[in-house]
*Asks:* 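This is the structure I have questions about; it appears just below.
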Amino acid sequence: MSSFNDAESVTSRRTQSAMTAAAGVFRFLMRQPDLTHPDACDFLAGNPQEMAMPEYVRTIQRALEPDSPSYYAYGRPWRGAIESVAAALSDRLELKLDPDDVFLTRGAASGLFLALRTVIDPGDEVIAFSPPWFFYEAMVLGESAHMVRVPLSEEKFDLDVGGLAQALTPRTRAVIINTPHNPSGRVYPEDQLRELAGVLESASQRNGRRIYLLSDEAYARILFDGRRMVTPARYYPATFMLHSYSKTLLAPSQRAGYMAMPPTMPAREKLRLALMAGSLGAGVAPDTAMQRAMPELERLSIDVGALERRRDKVVRELRQMGYQVASPEGTFYLFPRTPIPDAVEFCDWLAERRVYTLPGEAFERPGYFRISLTATDAMVDRALPVFREAMQVFNRSAVQGVVE
Ligand SMILES: Cc1ncc(COP(=O)(O)O)c(C=O)c1O
């Protein structure tokens, strides 16, 4: 018999707290509904429901063929990918990026990990706007830092820059922003980004220590109504931009993305070395085949027009049924209000009818639910009558006090 408690001694305290933070989310993500049932309507996550684009598959097949003995060798990330990404991102963001400031990553999450690992010390504070992406807190805790939340506004999910100013302390080392925002679909306008930059610049001066902005731009290419991506790096030089192919190509398990710094990043040369060291040792770079595929992948995208048409249809129908829902400016998601405050109860009711959505409780925002538009049109058509019935049932129950 061991004399110590295994549950407490197996992992570090920082891993334990990160696991606890992630468990809160997995409670909702892993409820194991029968997603394989032919009638299942899967609106849970930004996952593909149809076969991948043939051109995507062919690109990876071509890239899998070794073209030299060093194809599988240890080595620096492939320069061809870095240069094509730097050129494409410079065009999209209207920033002149230096290829030496682009780091290939295994998606946006891996870029976040690299940025946090590079600039955070134990005990630092990292501010995230709430609703945050599910795993920010676990990642911050994994660096022995604390996550502080600043709520986005109700309805429009605007940045509360005044609230951020109050949350900043001498221990604040980083702020995480996500635009286009999951789950609301909000794309932050330039005036809010400018204001944010002003507050971060003066707090950095006051603290005598740089506050970094980690800009999670995973959905930068899923924009509607002819919008173009505006990165906060245009206004705040100390910004790490985190990008991913997971969303643009709707193939999130095939890990690939990149992180970039603007040419205005302070102490850029020093950071380059630190980031290079961090990405080599920690398995941050994508596999060779994905690196080789990148120049082609940059040119591919899922059909954002089809996504936009699906958005229009679902928003229109939900509004007609009486749901309050903003029309997202980007991302895959709708984030309507639930007709009752308890979104878990509401989503459970839908799930009993094989319509699977995520309750706002998974996003620190009860009273809302998230619908992923990556579902098929057939799923949408099957689910709409269920959403209609839910509105009728829960409205009636609000009057009568019972749900049949
Ligand atoms: C806001 C946000 N950030 C990051 C990620 C992770 O992206 P990746 O698959 O590129 O790591 C996701 C995926 O859902 C996301 O929604």
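Heavy-atom basis, side chains included; hydrogens, waters and symmetry copies ignored. Every number for a ligand or one of its atoms is a count from 1 in the order of the listing.
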*Asks:* Any heavy-atom pair between the side chains of P132 and E364 that's under 4.5 Å?
*Replies:*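 Yes, side chains in contact.
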*Asks:* List for me each residue that meets side chain to side chain contact (heavy atoms under 4.5 Å, CB included) alongside S12, sequence neighbours excluded, and say none if there are none.
*Replies:*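 Residues passing side chain to side chain contact (heavy atoms under 4.5 Å, CB included) with S12: R14, T15.
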*Asks:* When the aromatic ring centroids of F43 and Y356 are compared, is their separation below 6.0 Å?
*Replies:*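 So the answer is no for these two rings.
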*Asks:* Near ligand 1, which residues have a heavy atom under 4.0 Å away from one of its atoms?
*Replies:*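 The answer is G107, A108, A109, W133, N178, N182, D216, Y219, S244, S246, K247, R255, counting any residue whose heavy atom sits under 4.0 Å from ligand 1.
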*Asks:* Do any side-chain atoms of residues 314-323 form donor-acceptor pairs under 3.5 angstrom with protein atoms, and if so which ones, sequence neighbours left out?
*Replies:*
from: R319; atom 1: NE; to: V325; atom 2: O; distance (Å): 3.1
from: R319; atom 1: NH2; to: V325; atom 2: O; distance (Å): 2.9
from: Y323; atom 1: OH; to: F387; atom 2: O; distance (Å): 2.6

*Asks:* In terms of ring plane angle, is the pair Y188 and H181 parallel, tilted or perpendicular, where the classes change at 30° and 60°?
*Replies:*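 Ring orientation of Y188 relative to H181: tilted.
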*Asks:* Just to verify, what does R194 make a side chain to side chain contact (heavy atoms under 4.5 Å, CB included) with, not counting sequence neighbours?
*Replies:*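 Applying side chain to side chain contact (heavy atoms under 4.5 Å, CB included) to R194 gives E190, Y235.
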